[in-house]
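Here is the naming used below: chain letters follow the sequence lines, and residue numbers restart at 1 for every chain. Both backbone and side-chain heavy atoms feed into the values below; hydrogens, waters and symmetry mates do not. The model shown is predicted, which means the values in this text are computed figures rather than measured ones.
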2 protein chains.
Amino acid sequence: MKRYILHVEYDGTRYAGYQLQPDVITIQGELETALEAIYHAPVRIHASGRTDTGVHAHYQIIHFDPPCELKNLNLKAALNTLLTGDIRVINTAIQDETFHARYSARERRYRYIVSTRETALDRFRVWRFFHSLDFLAMQECASILLGEHDFTSFCSAQAEVNHKRCTILRSAWEQDETRLIYYINGNRFLHSMVRSLVGTMVEVGKGRITPDEFASMLELRDRSAGAVTAPPQGLSLIYVRYEHPIPWTKEIL
Amino acid sequence: MKRYILHVEYDGTRYAGYQLQPDVITIQGELETALEAIYHAPVRIHASGRTDTGVHAHYQIIHFDPPCELKNLNLKAALNTLLTGDIRVINTAIQDETFHARYSARERRYRYIVSTRETALDRFRVWRFFHSLDFLAMQECASILLGEHDFTSFCSAQAEVNHKRCTILRSAWEQDETRLIYYINGNRFLHSMVRSLVGTMVEVGKGRITPDEFASMLELRDRSAGAVTAPPQGLSLIYVRYEHPIPWTKEIL
């Protein structure tokens, strides 16, 4: 049986995160419900990673094994008809069973936007933060994160994993007239990690923590070291890199 | 008495346009209600121009004459506290009575975004249009509009004005991977004019009208010449230029 791959974009505003949970609306739940309506059988999906409550994804990769072959199925059109407008299937592909949305991923890329002025149009896409911030101090913290580190100090207690080492390939702040934008690329990310890093770097920007103290917090490997978590709406998963590029098709699956 | 100036940004999605009307929610209505709550007296506001139902503004300029002087008033903070999140006051200024938001404006700039793929995150900011479009033919139409023309063929019957001549200073399509973006700058715009131009240029992009036919439609000066109106959510007022730059203040008004 073929394995189906989906590029999904979603607006996380009204979802309790990616992962299926009872009694709340989740991205996984909505997609599995739509797939069950198409296949008339339960379908389990697998994502490149989970996103927290309120976090967006420009580029989430999902795979599933269809319970049967449906002739003349336009999978993308069928899903987009069944889903509400805040979850969209952008592209589809077919891979063999050696491809796994999570385990085959080599790199995840996240972006966090802080708006330094009021905004109506981007209010669900940014953290509006009007204090003036020390950009160079925040940039210094960002560069400390490059390479392999144990991120115990910057993840939530819910991060149940074997180890908390992550390799960070890019970590940098950029700025334009009205925004500070943080880009971080890494092989893996822990629960709440990007938001903990951003929230704590913003504390550095405010002058409440020095870049040296930020570096010491990382070294401490202690969840109670004082990390501050930024709100979710500024965060978006923007790319997932696999060893081989995904062969997106414009044909009907 | 001083004249107060506001730079206002709004998400037009849930509003019946800028202009005050009975029984519907409008941008003007929301702002005048908030000002009345501040001054305990009716306040009439004047904008650089009206935006239609569902159209956004990154940069709308508004003036009003306060009915009284309030000591220690932080006008921006007071308005932003009273308004909902989809209307935000970005900046304030003081001018003398020779400044008029509408009559002193020299140039308005609009942007229209067509998304050529599905999108969840920008669904209220773009026209999602998935046909393939002839970009060069659309660009040819855009350049026909430069200079002074009578736009009777490209405005709605509701445009009650002395004359329908507008001088267009910029008219160009740009494109990136997933979007076609139209920029138009002019001294004035008529009711529904940008949406009529965009909708009809998209017909050209689809091959249903040639650029020559588009030019003939403009020459006809006839509302029934066949213009097609694009939906509002792709359109945004992005700048208004005045003879003298507005002296935005960071101080409390």
Inter-residue atom distance [X].[atom1] - [Y].[atom2], 0.5 Å rounding:
{"X": "B:Arg117", "Y": "A:Asn91", "atom1": "CZ", "atom2": "CG", "answer": "8.0 Å"}
{"X": "A:Asp122", "Y": "B:Glu9", "atom1": "CG", "atom2": "CD", "answer": "6.5 Å"}
{"X": "A:Asp86", "Y": "B:Phe124", "atom1": "CG", "atom2": "CZ", "answer": "7.5 Å"}

Could you tell me which portion of [X] (side chain, backbone, both or neither) has an atom closer than 4.5 angstrom to a non-hydrogen atom of chain A?
{"X": "B:Thr119", "result": "both"}
{"X": "B:Ile87", "result": "backbone"}
{"X": "B:Val8", "result": "neither"}

More than 12 heavy atoms of other groups within 6.0 Å of [X] [atom1]:
{"X": "B:Arg50", "atom1": "CZ", "result": "no"}
{"X": "B:Arg102", "atom1": "CZ", "result": "no"}
{"X": "B:Arg208", "atom1": "CZ", "result": "no"}

Would the distance check show the side chain of B:Arg125 and the main-chain N or O of A:Leu121 forming a donor-acceptor pair, the cut-off being under 3.5 Å?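 Present.
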I need the residue from B:Ala120, B:Gly85, B:Ser236, B:Ala57 with the largest number of non-hydrogen atom pairs under 4.5 Å to chain A.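 So the answer, after comparing B:Ala120, B:Gly85, B:Ser236, B:Ala57, is B:Ala120.
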Under 4.5 Å between any side-chain heavy atoms of A:Asn80 and B:Glu118, yes or no?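 Result yes, sub-4.5 Å side-chain heavy-atom pair found.
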Kindly indicate, with the supporting measurements, whether the criterion side-chain contact (heavy atoms from CB on, under 4.5 Å) is fulfilled by A:Arg88 and B:Arg128. CA-CA 12 Å; A:Arg88 294 285 91 186; B:Arg128 290 182 289 181; 3.6 Å; yes
